[in-house]
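Please read the structure below before turning to the comments.
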Amino acid sequence: MLGGARETGVAGQTEHPSCRIREMAKYDAINLQDKLATFGEQWAPKVIAELNDYQFKLVKLQGEFVWHSHEATDEAFIVLDGAMTIEFRDGAVALTAGEMYVVPRGVEHKPRAEHECHVLVVEPRGVVNTGEAGGSQTADNDVWI
Ligand code: NI
């Protein structure tokens, strides 16, 4: 017999705690590819998670964005699929899948991508995609998927 003295087979016997069927909490992974498959809009960041005051946002880029800056915060670009360039007034950085770059606060930048590029952006909650520039490419903020 397994379990020794506790398993006597007597109905109604006090159950050992380890024998109870416990209600399990649900821990769901956030799958980046699954999330990317839920939208097609370009230049419209979608929030997938928060870390304290920071948000993780997925965005699909193609073409040219506007020159802009974020006076209050740095902005991280992590390329998941494809390739993109972040232009600065005095140069540019080319990024492909598996590469990232952090744009310092206050520095003017213009993302662009020849073909559609999928990016994970990390920045504080409330940051507007066009920063101080505004304009037609300004996306709704805090849109969760
Ligand atoms: Ni920006």
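As the structure is a prediction and not an experimental result, all values here were calculated from the model. By convention here, the first residue in the shown sequence is residue 1. Read the numbers this way: they start at 1 and go in the same order the structure lists the ligands and their atoms.
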How about Glu116 and Gln42: does a side-chain donor come under 3.5 Å of a side-chain acceptor? yes
Listing by chain and number, which protein N, O or S atoms are under 2.8 Å from the Ni ion (ligand 1)? His68 NE2, His70 NE2, Glu75 OE1, His109 NE2
Under the side chain to side chain contact (heavy atoms under 4.5 Å, CB included) criterion, do Gln55 and Trp144 qualify, and how do the steps go? CA-CA 10 Å; Gln55 291 184 325; Trp144 283 76; 4.2 Å; yes
Which other residues belong to the hydrophobic cluster containing Leu58, where Ile, Leu, Val, Met, Phe, Trp and Tyr are joined when side-chain heavy atoms lie under 4.5 Å apart, directly or via other members? Ile30, Leu32, Leu36, Phe39, Ile48, Leu51, Tyr54, Phe56, Ile78, Leu80, Met100, Val102, Leu120, Val122, Ile145
According to a hydrophobic-cluster definition based on side-chain heavy atoms being under 4.5 Å apart (Ile, Leu, Val, Met, Phe, Trp, Tyr only), do Phe77 and Val93 belong together? yes
For a quick check under 3.5 Å, do Ser69 and Glu71 share a side-chain donor-acceptor pair by atom type? yes
Decide, yes or no, whether a salt bridge links Glu87 with Arg112 under the criterion of side-chain N to carboxylate O below 4.0 Å. yes
